[in-house]
Amino acid sequence: MKKYLIMMVMAGLFMACQAPCNNSNGQDEVANISSACVAATVAGLRQKHAHANGEMIERGVRHAASLWRNVDGSEDDFQRFCEDNFIADSQQKALVFEKVSRNLEILYGHFNKIALDLQRPLHEPMGDIIEIDKAFGGYSAGAHLIEDMYRNKMAFTIALNFPFYTLVEKEHNADKWTRQEWAYARMGDVFTARVPAEILQEVSEVGSASEMYIANYNIFMGHLVDEEMNTHFPKDMVLLSHWNLRDEIKSHYSRGDEGEQLQGMVYAVMKRIIDQSIPKDVINSGAYQWNPVTNDVFSEGQKVSLEAEGNDRYQRILNNFHAMRRMDAYSPLNTAVKRAFEGGMEITQADAEALFIKFLSSDAAKEVGQLIAQRLGRDLKPWDIWYDGFKARSSINEAALNKITRARYPNAQALDNDLPRMLQKLGFTKEKAAILAERIDVDAARGSGHAWGAAMKGETAHLRTRIPKNGMDYKGYNIAIHEFGHNVEQTISLYDVDYYLLNGVPNTAFTEALAFIFQKRDLELLGMKDDNPQKEALQVLDNFWSTYEIMGVSLLDQRTWLWLYDHPQATADELKEAVQTLAVDIWNSYYAPVFGVKDQPILAIYSHMVNSPIYLSNYAFGHLIQFQVEQYLKTADFAPEVERLFQIGSVTPNAWMQAGLGEDISIDAMIEQAHEAAQKLGES
């Protein structure tokens, strides 16, 4: 199920929290169900329902008790509620499940539609955006749904009869559970924590502030100077950290020595951001000229002294940590790290770290690094973790591709009309293509676009794509096909999955992997063929090198949060030093042997560490899953297998991989094929 349906953080199976909070009447809310009350309630239910599953009775009572507060009633009230609402009959339980599923689909579906429609003025070109558009766009009609369901006791009925299972328990039962039992377990994920509203509000506010900080972290590249006061970038170039800075490095690999000089200057900017020696007044400003190598600042040619940013970047990380740590007391997944991995990704942090270290330590990394140095004709530089020369670019000129896409897609309606043909081109039957296309609407977008899925049957998914007045260019088309892949997954995994509570895919890594599989077929959908004989080897190496880079960044993200939990009273300055030390340690362990240069902090540049805490590992797993699914589809009938894969739904990641591909998430095939591809290209 899409994670927006799980509206609370994973929590509370065997725990009754004693942390206080306040309700709207100013009354302190505390968990008030004792272990003695739980035991008495379990004993009473076992006596009343002698033929019922005793383990399920105990699991349900403990789960409901972990969510009950004094405002919900006394211990006697709790015991009576459980006696009145526990469902022992399997047929009655199935009936209740069906009704709850239907009603959740109605609620989630309509709240999703409300959000979609309220945000149309923000996402689609509907005239100027004014403040009232922003206000309505930020309004959440379903914000109080979960708390309302606690107040009217529906949440407790669900928690009592459909209790929560930990990741370990889900993995243990994966090959034993029926689809219905999987769906019951997913219903148990809906009510797993009861975090006080002020804590959720603080997390939201701190997160929004972090997003705004990053959204305004622009570098005015036309104002960068070298020691001779020469500028090297377009005067009006403004790049957002880190994404645009990274992409600027990628764009200069075809420019030889001049490109290397520009890459070095961008890299110097990155290092100043990491150690926070960057002058504060050159961020998001073109008021000064700045030499990032020497860190000198000039105004009208005269050197001036400016205050460094200091520790703002690391204070934002600390703010997120302290806000999210307040949620720990309400969850058996009692750290933000566990909630991100075991609750969100449904992969343990320890398993992720072990897999990443094994990948980063592979001999294939050295072989691919040597190939890159050979292709560049120089020793590797630290920024070559973003080497972009393995892209299996089409031999067809992009200008020619632009001409084709602009003529074919002059507006959003033209793309919408072409969806059935594209689906048939991918191998879907005429009937299935028509059904899928009817359930996907193409909308013009202000930005680059996105995919917004429906959350109930009867509604359509939306493919938002930007199409200029002169028609869609090839780059925009390529992005639109990626979003189209999302839409196809969203539609099949909603309409064709057997239980609503199982709709979607296991986590973000899966949906991105599946969308990339569509994106790679963009030329095929134009009726064109890429005849590059090295295409497959280049794609393998591009995926391998991207995975190698993002796994190191992800490892730093993990270790930073583990360090924070070991040092909860740390200052921003102490965190800054720790992050740089961790980044250098990871570099020296897994990158220096490949690059031949030590003590580089570059892994700490990613903005996700500030505005998307503990998220980066999703990208690493996305690369692995994409590769494994692509390998599987090479020998499979594409459209029928895509349908089958999307119909698996949101079981745990390894359960999905076993059901879909017959194997666990693995690094072995990518490493082996990277080794073979490096040898092949090295000999050519």
Side-chain angles (χ1 to χ4, degrees), residues 213-226 231-233 237-253 255 259-285 288-297 306 308-314 316-317 380-388 545-546 548-557 560 575-588 590-592 595 597-612 616 619:
Y213 169 79
I214 290 299
N216 291 291
Y217 210 105
N218 294 290
I219 304 299
F220 282 64
M221 302 299 288
H223 293 256
L224 300 187
V225 296
D226 60 21
T231 59
H232 297 272
F233 297 91
M237 177 180 281
V238 178
L239 300 182
L240 180 67
S241 176
H242 76 284
W243 296 278
N244 294 157
L245 294 173
R246 174 200 62 194
D247 292 343
E248 183 66 13
I249 285 176
K250 289 183 177 183
S251 72
H252 291 294
Y253 275 105
R255 300 182 63 178
E260 184 180 343
Q261 179 185 3
L262 298 180
Q263 290 171 326
M265 187 172 282
V266 177
Y267 184 61
V269 172
M270 289 180 166
K271 289 196 291 185
R272 296 294 178 186
I273 293 171
I274 291 168
D275 69 12
Q276 293 283 268
S277 62
I278 181 173
K280 189 170 186 176
D281 289 341
V282 305
I283 302 168
N284 209 36
S285 171
Y288 300 94
Q289 293 177 306
W290 175 43
N291 182 330
V293 177
T294 64
N295 212 27
D296 292 329
V297 183
L306 294 181
E309 184 180 10
N311 297 320
D312 285 3
R313 178 182 183 88
Y314 297 95
R316 305 284 175 174
I317 298 174
L380 293 181
K381 303 291 185 180
W383 59 79
D384 291 328
I385 59 170
W386 294 306
Y387 174 70
D388 198 40
W545 198 248
S546 296
Y548 175 63
E549 174 257 332
I550 201 64
M551 279 190 177
V553 175
S554 303
L555 202 57
L556 175 62
D557 193 27
T560 295
L575 175 61
K576 177 176 68 175
E577 295 303 315
V579 169
Q580 292 180 87
T581 298
L582 290 168
V584 168
D585 287 347
I586 293 170
W587 178 274
N588 288 345
Y590 309 114
Y591 294 87
F595 284 75
V597 56
K598 299 183 69 175
D599 301 331
Q600 299 300 307
I602 190 59
L603 301 173
I605 190 57
Y606 268 63
S607 296
H608 299 76
M609 291 186 65
V610 180
N611 72 338
S612 301
L616 283 160
Y619 293 114

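Count residues from 1 along the sequence.
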Can you find a heavy atom in the side chain of [X] that is under 4.5 Å from one in the side chain of [Y]?
X: Ile249; Y: Met270; result: yes
X: Tyr288; Y: Pro279; result: no
X: Ile283; Y: Asn216; result: no
X: Ile278; Y: Ile219; result: yes
X: Val266; Y: Phe233; result: yes

My understanding is that only residues two or more places apart in sequence, or in another chain, count here; which of them pass ring pair (Phe, Tyr, Trp, His ring centres under 6.0 Å) with Tyr217? Tyr213
Going by the salt bridge (Lys or Arg N to Asp or Glu O under 4.0 Å) test, which pairs reach into residues 267-283, not counting sequence neighbours? Lys280-Asp312
Residue pairs fulfilling salt bridge (Lys or Arg N to Asp or Glu O under 4.0 Å) with at least one residue in residues 600-612, sequence neighbours excluded: none
If we ignore hydrogens and angles and just use 3.5 Å, is the side chain of Asn588 paired with the main-chain N or O of Asp585 as donor and acceptor? no
Is there a donor-acceptor contact under 3.5 Å from the side chain of Thr231 to the main chain of Gly222? no
From Ile550, Val579, Leu555, Leu556, residue fulfilling side chain to side chain contact (heavy atoms under 4.5 Å, CB included) relative to Leu603: Leu556
One pair to check against side-chain contact (heavy atoms from CB on, under 4.5 Å): Ile214 and Trp243. What are the steps and the verdict? CA-CA 11 Å; Ile214 290 299; Trp243 296 278; 3.6 Å; yes
Inter-residue atom distance [X].[atom1] - [Y].[atom2], 0.5 Å rounding:
X: Thr581; Y: Asp599; atom1: OG1; atom2: CG; answer: 10.5 Å
X: Ile274; Y: Ile602; atom1: CD1; atom2: CD1; answer: 4.5 Å
X: Gln261; Y: Asp226; atom1: CD; atom2: CG; answer: 6.5 Å
X: Ile385; Y: Gln600; atom1: CD1; atom2: CD; answer: 10.0 Å
X: Asp557; Y: Leu616; atom1: CG; atom2: CG; answer: 4.5 Å
X: Tyr314; Y: Glu309; atom1: OH; atom2: CD; answer: 9.5 Å

Apply side-chain contact (heavy atoms from CB on, under 4.5 Å) to residues Leu245 and Ile273 and explain how you reach the verdict. CA-CA 11 Å; Leu245 294 173; Ile273 293 171; 4.0 Å; yes
Shortest non-hydrogen contact from [X] toward [Y]:
X: Ser241; Y: Ser607; answer: O-OG, 2.8 Å
X: Tyr591; Y: Tyr548; answer: OH-O, 2.5 Å
X: Asn311; Y: Gln276; answer: C-OE1, 3.5 Å
X: Gln263; Y: Trp383; answer: OE1-NE1, 3.1 Å
X: Met265; Y: Leu224; answer: SD-CB, 3.9 Å
X: Ala592; Y: Lys598; answer: CB-CG, 3.9 Å

Return the orientation label for the Tyr606 and His242 ring planes: parallel under 30°, perpendicular over 60°, tilted otherwise. tilted
Where do Ser554 and Tyr619 land on the side-chain contact (heavy atoms from CB on, under 4.5 Å) test, with the steps shown first? CA-CA 8 Å; Ser554 303; Tyr619 293 114; 5.7 Å; no
Do Trp386 and His252 make the cut of ring centroids closer than 6.0 angstrom? no
Any chance the rings of Trp290 and Phe220 have centres within less than 6.0 Å? no
Going through the checks in order, is the side-chain contact (heavy atoms from CB on, under 4.5 Å) test met by Leu262 and Glu248? CA-CA 9 Å; Leu262 298 180; Glu248 183 66 13; 5.7 Å; no
